[in-house]
2 protein chains.
Amino acid sequence: MAIKRITITELAKELNTTPSTVSRALRGHECISREMRDKVNDLAIKRNYTVNRLASSLRSGSSKTLGIIVPRVNRDFFSNCISGIEEVAAKAGYTSIICQTHDEQEKEEKSVLSLIESNVAGILISTWSDSSQSPAFIEANRLGIPVIFFDRATKDINQNKVVVDDNLGAYEGVKHLIEQGYKRIVHFAGPQHIKIYNDRKEGYLKALREFNIPIDKNLIVENPLSKDIGYDAILPFLKGPKKADALFSASDYAALGAIIRIKEMGISIPDEMGIVGFSNEMFTSIIDPPMTTIDQHSKRIGNYAVQACLEAIKEENPVFKNIVLSPTLIIRESSLKKPLRIINK
Amino acid sequence: MAIKRITITELAKELNTTPSTVSRALRGHECISREMRDKVNDLAIKRNYTVNRLASSLRSGSSKTLGIIVPRVNRDFFSNCISGIEEVAAKAGYTSIICQTHDEQEKEEKSVLSLIESNVAGILISTWSDSSQSPAFIEANRLGIPVIFFDRATKDINQNKVVVDDNLGAYEGVKHLIEQGYKRIVHFAGPQHIKIYNDRKEGYLKALREFNIPIDKNLIVENPLSKDIGYDAILPFLKGPKKADALFSASDYAALGAIIRIKEMGISIPDEMGIVGFSNEMFTSIIDPPMTTIDQHSKRIGNYAVQACLEAIKEENPVFKNIVLSPTLIIRESSLKKPLRIINK
DNA sequence: TAAAAATATGTAAACGTTTGCATGAAGTAA
DNA sequence: TTACTTCATGCAAACGTTTACATATTTTTA
């Protein structure tokens, strides 16, 4: 069935020249005469020649493929990062392989190894963070394959990172709640071994301290932050001794679950309960009420990450980069107790 | 900087044997003694050996990589298809390269060519449909690279397809609206050169005919079905001579835009206006009111598509497959005018 | 005990490129 | 004319595997 693809050698034969000349002509090597270059290119088009990247990469040792690893592609945040990466990568002639880990560390390890096997030129990863010392990463480092952590970065200083100032974002969000008059603010904190969640919690604490609001550890819930978990986790805070008047969730999804529960209980948002989420997922603007959240400039993160990666690929002795973007608070109805001032759609 | 990776040849030297033996041992060839096999595997692990897939694929001519092309990854429908594909693909030892076209035909062409250059074993694609005769696909066919169209399939009979019965889905959705007592049903139809949108329109017409509801062409709007477009497109039908009492949208996103507008105008859903969307995007269950929509079993589509692909890769003289799944109507509040009977969450 | 069969390993070519070096032709300077 | 450049192309090895075929060793059979 499979017809063999046409090769450089066949083109060469047909033109009574050699593979090396054809190869050089196709890549626009300047030491090939204009006449020969045109002849080769014309025939290549006529014969539907496509380069065999396997052979090309194998010989040249450089692969024009980037690996992207994310927990899952169907989060707006990640798919926007991916768009940001591909945008820049495509311009530089790179293709990308996308892997999903579903937040499983084992899959992350496997993905990295698989990308190494595929000879990627660089790896862009957003996931289990503290794994920068796991065997797969050590191997990537040993082989000189640059690894760029984006969003969820390792604490390790000697790594390339593009992150958002999560601490600042959380601080802004909580400060906003406090300014709106909320006092007992629940915090849905993610797993604390992941740096972003740790930073968000710190930002939460910082805002409370600054406004002299006593810190109540009972208000801090550490959980994996899914919609369903949010739905359950908010319950203890809706009445009884632990009753709170606001929620700052480190994830929009968990906040969503909470909102569903709160509405079911007939509690009013934002009057009785203010809500601030994190990530500016698409749904936050369309639910009822629209949710205040923190935008992380996901696409820009992708842009910067791939730029850093391409630089690291080029440079001989690359220096580790640490790029920090400032997030933006997007205020919507879910946290606007005071008379309405600004609403960003 | 880059340290060269360890090769099969170096393993061979260290064991005083040859590359061929090592190669066979690593792949568990049965003609290698157990003793040798163990020795090789132990050393490979010790030295962090990873196979070089470029070399391997180049030599063997088979690549264990699949190409996936979708309009965009951040649609629940597509990301679920992708999960469905990867699930099965990973089990069979395949990696996948994901490309986004953003609904641009040129990007689709480029993606296909790029996948061919990357020597993928097969291509799974959901996009501009009628391009099955474009140069890139002809080339893929010529090279014997199986192409599986999923969801958005070409009309061309001689192609592999995994689709949902869009006609049936639309029919069920519209029938449901009629049974609820709605009479003037607007249809947001997508671009009609895309088969799925054409089928959905046919399903809409079929239901009307069956219930003897006169077909009013003014109620059919053909547009690219984004949220913003839906927001604008519903306007003419909310008052005046064209006033309608229901919307069947071929896309959840356009329906969402319409809902936002309808609520802004103070019109009640579902009492004054019933809504049915298409695709069961995640947000349809959480907006207010929850939207009735049609689930396409996206993950299953992915499963079937990759199965068909793997079969086509194996077989010598593959037969074209045409798999059709039945969609499921998910009834929620947006279309329940009559006293509530069933609500699927 | 010789021959045949089975088992384990080695040899060398091949996959389609790229690239350092060599070669030949044409042009320029002395 | 000779020698030195410059320009365009060819030669051949290399990238890291896989694999058909050959060889060497052991076991079985007559």
Side-chain angles (χ1 to χ4, degrees), chain A residues 2-41 43-44 47-65 93 116-121 143-144, chain B residues 2-41 43-44 47-65 93 116-121 143-144:
Chain A
I3 288 169
K4 269 199 355 187
R5 62 208 300 166
I6 197 152
T7 71
I8 230 173
T9 317
E10 295 169 73
L11 293 182
K13 272 201 193 118
E14 198 160 340
L15 291 170
N16 281 318
T17 176
T18 60
S20 47
T21 303
V22 174
S23 169
R24 286 190 265 247
L26 287 171
R27 281 172 306 140
H29 224 278
E30 82 284 333
C31 76
I32 297 290
S33 66
R34 166 148 299 284
E35 186 198 17
M36 177 61 96
R37 215 181 304 174
D38 291 346
K39 268 204 309 187
V40 170
N41 282 313
L43 187 67
R47 291 267 173 282
N48 276 319
Y49 171 80
T50 49
V51 68
N52 184 332
R53 280 218 269 258
L54 296 181
S56 163
S57 300
L58 176 60
R59 173 56 233 241
S60 70
S62 75
S63 92
K64 292 285 184 183
T65 303
I116 291 175
E117 286 182 2
S118 298
N119 291 56
V120 294
L143 296 174
Chain B
I3 289 170
K4 267 197 356 186
R5 64 208 298 166
I6 197 154
T7 71
I8 229 173
T9 316
E10 295 169 73
L11 293 183
K13 270 198 194 122
E14 199 160 339
L15 291 170
N16 282 316
T17 177
T18 60
S20 49
T21 303
V22 175
S23 169
R24 286 191 266 246
L26 287 172
R27 283 172 304 140
H29 223 278
E30 83 283 336
C31 75
I32 296 291
S33 65
R34 167 147 298 283
E35 186 199 18
M36 176 62 95
R37 214 181 302 174
D38 291 345
K39 269 204 308 187
V40 169
N41 282 312
L43 187 66
R47 291 266 174 283
N48 278 318
Y49 170 80
T50 48
V51 67
N52 184 331
R53 280 219 269 260
L54 296 182
S56 164
S57 299
L58 175 60
R59 171 56 231 241
S60 71
S62 76
S63 92
K64 293 282 183 184
T65 303
I116 292 176
E117 287 182 2
S118 298
N119 292 55
V120 293
L143 295 174

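Order of the sequence lines fixes the chain letters, A, B, ..., with proteins taken first and strands second; residue numbering starts at 1 for each chain.
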Distance check needed: D/dT18 C1' versus B/L54 CG, whole Å only. 15 Å
So for the helix from C/dT1-D/dA30 to C/dA30-D/dT1, with five pairs setting each end axis, what is the inter-axis angle to 10°? 50°
Separation of D/dT25 atom C1' from B/E35 atom CD, nearest Å, is 14 Å
Is the base of D/dG16 touched by the side chain of A/R59 through a donor-acceptor pair closer than 3.5 angstrom? no
Whole-Å distance between C/dT19 C1' and A/I8 CD1? 12 Å
Quick one: the side chain of B/S60 and the base of C/dC15, do they pair up donor-acceptor inside 3.5 Å? no
Within the 4.0 Å heavy-atom criterion, would you say B/S56 contacts the bases, only the backbone, or no part of the nucleic acid? sugar-phosphate
Of the non-hydrogen atoms in A/Y49 and A/I8, which two are nearest, and what is the gap between them? CE1-N, 3.8 Å
At under 4.0 Å, does any side-chain N or O of A/S33 touch on OP1 or OP2 of D/dT9? yes
First of B/T17 and A/R27 reached from the 5' end of DNA chain C, by closest nucleotide: B/T17
Side-chain donor/acceptor of B/T65 to backbone N/O of B/S63, under 3.5 Å: yes
Take atom CG of B/L143 and atom P of C/dC15, then tell me their distance rounded to the nearest Å. 16 Å
With nearest nucleotide decided by heavy atoms, which residue, A/M36 or A/P19, maps closer to the 5′ end of DNA chain D? A/M36
Could you check whether A/R24 gets within reach of a base, just the sugar-phosphate, or nothing at all, counting any heavy atom under 4.0 Å? base
Take atom CG of A/L58 and atom P of D/dT18, then tell me their distance rounded to the nearest Å. 12 Å
Mind calculating the distance between NZ (A/K64) and C1' (C/dT17) to the nearest angstrom? 16 Å
Determine whether any donor atom in the side chain of A/S20 lies under 3.5 Å from an acceptor atom in the base of D/dT9, or the reverse, and answer yes or no. no
Would you say C/dC15 has OP1 or OP2 under 4.0 Å from some side-chain N or O of A/T7? no
Can you check whether B/H29's main-chain N or O pairs, donor with acceptor, with B/R24's side chain at less than 3.5 Å? no
Rounded to whole Å, CG of A/L15 lies from P of D/dT9 at a distance of 11 Å
Thinking salt bridges, do A/E14 and A/R47 make one under a 4.0 Å N-O criterion? yes
Under 4.0 Å between a side-chain N/O of B/T21 and OP1 or OP2 of C/dG10, yes or no? yes
Side chain proximity check, B/L15 to B/L43, heavy atoms < 4.5 angstrom: yes
d(CZ, B/R5; P, D/dC15) in whole Å: 14 Å
Residue met sooner reading DNA chain C from 5', once B/I32 and B/A55 are mapped to nucleotides: B/I32
Restricting to non-hydrogen atoms, name the atom on A/L54 and the atom on B/S118 that form the minimum distance, rounded to 0.1 Å. CD2-O, 4.5 Å
If I take atom CG from residue B/L143 and atom OG1 from residue A/T50, how far apart are they, to the nearest 0.5 angstrom? 6.5 Å
Please state whether the phosphate of D/dC11, meaning OP1 or OP2, lies under 4.0 angstrom from any side-chain nitrogen or oxygen of A/T18. no
Need one value for A/N16: base, sugar-phosphate or nothing, where a base atom within 4.0 Å counts as base even if backbone is also close, heavy atoms only. sugar-phosphate
Search all heavy atoms of A/P19 against all heavy atoms of A/A12 and return the closest pair with its distance. N-CB, 3.5 Å
